[in-house]
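Just below is one structure, and these are the notes that go with it.
Hydrogens, waters and symmetry mates play no part in the numbers below; they use all other heavy atoms, side chains included. Throughout, protein chains are lettered first and strands after them, A, B, ... in sequence-line order, and every chain is numbered starting at 1.
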Number of protein chains: 2
Amino acid sequence: MVTIGEAARRSGVGIELIRYYERTGVVAGPERSPAGRRQYNADEIHALRFIRRCRDLGFSLAEAKSLLGLASSTGLACGEAQSVGQHHLKGIQKKICDLQQMEAAMVQLMRPCHSGQQDCSMLETLLQGSESDWPPQDRCLNI
Amino acid sequence: MVTIGEAARRSGVGIELIRYYERTGVVAGPERSPAGRRQYNADEIHALRFIRRCRDLGFSLAEAKSLLGLASSTGLACGEAQSVGQHHLKGIQKKICDLQQMEAAMVQLMRPCHSGQQDCSMLETLLQGSESDWPPQDRCLNI
DNA sequence: TCTTGCTCCTGTAGGGGCTATAGCTTGCAA
DNA sequence: TTGCAAGCTATAGCCCCTACAGGAGCAAGA
């Protein structure tokens, strides 16, 4: 049984964030000392670390909570977790694809500019944006 | 001079979002009709489209506003725009790198799981997280 | 014993970038 | 004239924190 500070240190989740997770029901509130202080056992720290790992992997809090629920149930529910994971993986791949397009656009945007001159091709390009590219079609169909 | 609805259509920025941009000072408020309705000229629609393009490229509103300021000033201020752009390009590349690590981790996480079985390696892996990987070191130093 | 300084508590406000609602007025076509 | 779409303002909500104010508890040193 450790304090919230120690739980924060061991789980890698900040104190304020732990309280926030409790307040919003992502994790259950731990026992309290007679003086009202939170006291965490190993499982609760584990749950916090689980949430952190999910967040590190880009899962939303809702997804993290749902995965924690699956993981906490007896007999890990593989199918559901796979589904959440696959969905998430697709989201990540879509984002990578979008960002790579963004990167290409930025490189293109800045390429012919000779820094220091008055007329910046980058700004001109941004200003020239045609109307016809809206709404943008989804170029990441290969996912 | 067109209505806000038409401006939204032409710029690709939603009506509520246009009003939000005006309210928060990202763009200036346009003229009003005698009845108090917003009326947009070509330049203002241009500015909205400029902001949208910046946002599409992942610039923050503050960056977009700053770029718009540079682009609107007489004699495009290339140096500053280049600096903002370079900074942003690095940000994009960092995000791509982070997401690729996330993707690799997700693939790794889900790889040995044979869907439908009771013990899901994905959840187990998330549960097993060691304490020693915190704080995580920055693995994207090659940018 | 008293004080110092750290940790903890609750509650609340703020951030960024929207999105949606409620309740009203205006414009236009049938 | 009626009816409906589109506009207006103001406000609240979303997600995921982060930070602050103003207290209370607790261990160690003077």
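As rounded to whole Å, 11 Å separates atom P of dC16(D) from atom CD1 of Ile51(A). The CG atom of Leu48(A) sits 13 Å away from the P atom of dC17(D) (whole-angstrom rounding). Distance CD1 (Ile15(B)) to P (dG7(D)): 5 Å, rounded to an integer number of Å. Spacing between atom CD of Gln39(A) and atom P of dC9(C) amounts to 10 Å, rounded to whole angstrom units.
Residue Thr3(B) is classed as a sugar-phosphate contact, given heavy-atom separations below 4.0 Å to backbone atoms only. Counting non-hydrogen atoms under 4.0 angstrom, Arg38(A) reaches the backbone sugars and phosphates but no base.
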Nucleic acid footprint by protein, nucleotides 14-30 of chain C - heavy-atom cut-off 4.0 Å, B for base, S for sugar-phosphate alone: ---BB-B----BBS---
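More than 12 non-hydrogen atoms from other residues, nucleotides or ligands lie less than 6.0 angstrom from CD of Glu6(A).
Every residue meeting the side chain to side chain contact (heavy atoms under 4.5 Å, CB included) condition with Ala47(B), not counting sequence neighbours, appears here in chain and number order: Leu68(B).
Both Val107(B) and Ile96(B) are members of a single hydrophobic cluster when ILVMFWY side chains are connected at heavy-atom separations under 4.5 Å.
Side-chain contact between Gln93(A) and Leu89(A): present, with at least one pair of heavy atoms (C-beta onward) separated by less than 4.5 Å.
Taking OG1 of Thr3(A) as the reference point, atom CZ of Arg9(A) lies at 6.5 Å (rounded to 0.5 Å).
In this structure, Arg49(B) contributes its side chain and Arg10(B) its backbone to a donor-acceptor pair below 3.5 Å.
Between Arg9(A) and dT7(C) there is no side-chain polar atom (N or O) within less than 4.0 angstrom of OP1 or OP2.
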